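Here is the structure we will look at.
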Amino acid sequence: MINENGVLVRTGALAVSASLTKPADATAYTAGDIIANSLTANLVVPLTFTLPRKSGRITGCRCVVTPASANVVVTALDFDLLLFRPVASIPFADAGYPADNTALPVSAAAMRELVATFRFAAGAWRNPAGGVTAGITGYQAVPLGSSRVSAAVDVDGLALSLLGVVQALGAWTPLAVVNVLDFALDIEFD
């Protein structure tokens, strides 16, 4: 791409990834619950997507869900990945996140720093054989929600990262095994 000064600027697309390890707990999630890395509130940490540059455009997200054993429960596995700019105490203060499988109360201040939302729908998970039933892992790729083509990322003056929180959209009853959720954001950088 040629910038306004006639200088060739290198552009490209990258996948920026982060993982969440959900504890072994078979308690059903309800709509609005956080899917997190700990059953103890002060130990919950958000997903951190480290960016190689301070600005770009998020165009999509991929998720792979893998249980420690058995098949992943894809029935009713319906959630949002919420991405926030990491300003002070957004989306929560350190050690202030709710515990896994409890209500996720997102404040108005946090909503103002919400960069993007990605919805992973229950009926769209694919297994390694290409089917939409349970398998040893589940995969789904989604575009940015709300009919947006891309979401601008500008973390100027902030750490080069975005914070992610996973929120259940309905009742999901996982097996009592550890589940790993691997996310990869598709980002175009100027």
Side-chain angles (χ1 to χ4, degrees), residues 17-49 58 60-68 70-125 134 138-140 142-148 151 153 155 158-159 161-185:
S17 54
S19 292
L20 164 70
T21 302
K22 188 197 92 50
D25 180 25
T27 304
Y29 290 85
T30 59
D33 284 354
I34 186 173
I35 299 174
N37 68 313
S38 179
L39 296 168
T40 305
N42 65 341
L43 298 179
V44 169
V45 293
L47 291 155
T48 301
F49 295 90
I58 303 171
C61 185
R62 292 166 280 145
C63 180
V64 175
V65 180
T66 308
N71 286 336
V72 65
V73 177
V74 293
T75 305
L77 179 51
D78 195 14
F79 62 82
D80 277 344
L81 170 63
L82 308 172
L83 294 177
F84 297 91
R85 287 170 32 96
V87 298
S89 298
I90 301 294
F92 297 93
D94 290 342
Y97 286 80
D100 178 60
N101 212 339
T102 61
L104 177 67
V106 180
S107 69
M111 291 304 280
R112 285 189 286 277
E113 300 301 332
L114 183 66
V115 172
T117 302
F118 293 96
R119 178 163 187 217
F120 293 89
W125 291 100
Y139 169 85
Q140 193 171 153
V142 298
L144 188 63
S146 305
S147 302
R148 293 169 61 190
V153 177
V155 290
L158 303 170
S161 64
L162 294 173
L163 299 179
V165 180
V166 179
Q167 185 175 41
L169 294 176
W172 175 51
T173 306
L175 297 174
V177 298
V178 169
N179 282 273
V180 177
L181 288 78
D182 292 307
F183 294 94
L185 299 177

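Keep in mind it's a predicted model, so treat the numbers as computed, not measured.
- Residues passing the ring-ring contact (aromatic ring centres under 6.0 Å, His included) test with Phe84: none are found, sequence neighbours excluded.
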Chi angles and distances behind the side chain to side chain contact (heavy atoms under 4.5 Å, CB included) call for Val72, Thr66
CA-CA 6 Å; Val72 65; Thr66 308; over 6 Å; no
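- Across all their heavy atoms, Pro174 and Asp25 have their closest contact at CG-O, 3.4 Å.
- Distance CD1/Ile35 to CG/Asn179: 9.5 Å, rounded to 0.5 Å.
- Within 6.0 Å of CG on Asp94 lie no more than 12 heavy atoms contributed by other residues, nucleotides or ligands.
- How far CZ of Phe183 is from CZ of Phe118: 10.5 Å, rounded to the nearest 0.5 Å.
- Lys22 NZ to Asn101 CG: the interatomic distance, rounded to the nearest 0.5 Å, is 7.5 Å.
- Between Tyr139 and Arg62 the shortest heavy-atom distance is OH-CD, 3.5 Å.
- Each of Val178, Thr173, Val177 was checked for a side chain to side chain contact (heavy atoms under 4.5 Å, CB included) with Leu175, and the lone residue meeting it is Val177.
- With hydrogens and angles ignored, the 3.5 Å screen pairs no side-chain donor or acceptor of Gln167 with any backbone N or O of Leu82.
- Using a 4.5 Å cut-off on side-chain heavy atoms (C-beta onward), Asn37 and Val44 make contact.
- The residues Arg119 and Asp78 are annotated as salt-bridged, a charged nitrogen and a carboxylate oxygen being separated by less than 4.0 angstrom.
- Closest non-hydrogen pair, Leu163 versus Pro91, comes out as CD1-CD, 3.9 Å.
- A donor-acceptor pair under 3.5 Å links the side-chain atoms of Trp172 to the main chain of Val73, judged by distance alone.
- From Leu181, atom CG reaches atom CG of Leu47 across 8.0 Å, with rounding to the nearest 0.5 Å.
- Atom CG of Asp80 is separated from atom CG of Leu104 by 10.5 Å, given to the nearest 0.5 angstrom.
- Side-chain contact between Tyr97 and Ser38: absent, with no pair of heavy atoms (C-beta onward) separated by less than 4.5 Å.
- Looking at residues two or more places apart in sequence or on another chain, you find no ring-ring contact (aromatic ring centres under 6.0 Å, His included) involving Phe49.
- Side-chain atoms of Asp100 never come within 3.5 Å of backbone atoms of Leu39 as a donor-acceptor pair (strictly under, hydrogens ignored).
- Closest approach of Leu20 and Ala36 over heavy atoms only: CD1-C, 3.5 Å.
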Residue pair Cys63, Leu81: steps toward the side chain to side chain contact (heavy atoms under 4.5 Å, CB included) verdict:
CA-CA 10 Å; Cys63 180; Leu81 170 63; over 6 Å; no
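- Side chain of Asp33 to backbone of Ala168: no donor-acceptor contact under 3.5 angstrom is found.
- In this structure, the side chains of Val165 and Val106 stay at 4.5 Å or more apart for every pair of heavy atoms.
- Donor-acceptor pairing under 3.5 Å is recorded for the side chains of Ser19 and Asp182.
- Among all heavy-atom pairs drawn from Pro98 and Pro105, the shortest one is CG-CD, 4.2 Å.
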Before you tell me yes or no, could you show the steps for Val142 and Phe120 under side chain to side chain contact (heavy atoms under 4.5 Å, CB included), namely the whole-Å CA-CA distance, both residues' side-chain angles and the distance that decides it to 0.1 Å?
CA-CA 7 Å; Val142 298; Phe120 293 89; 3.7 Å; yes
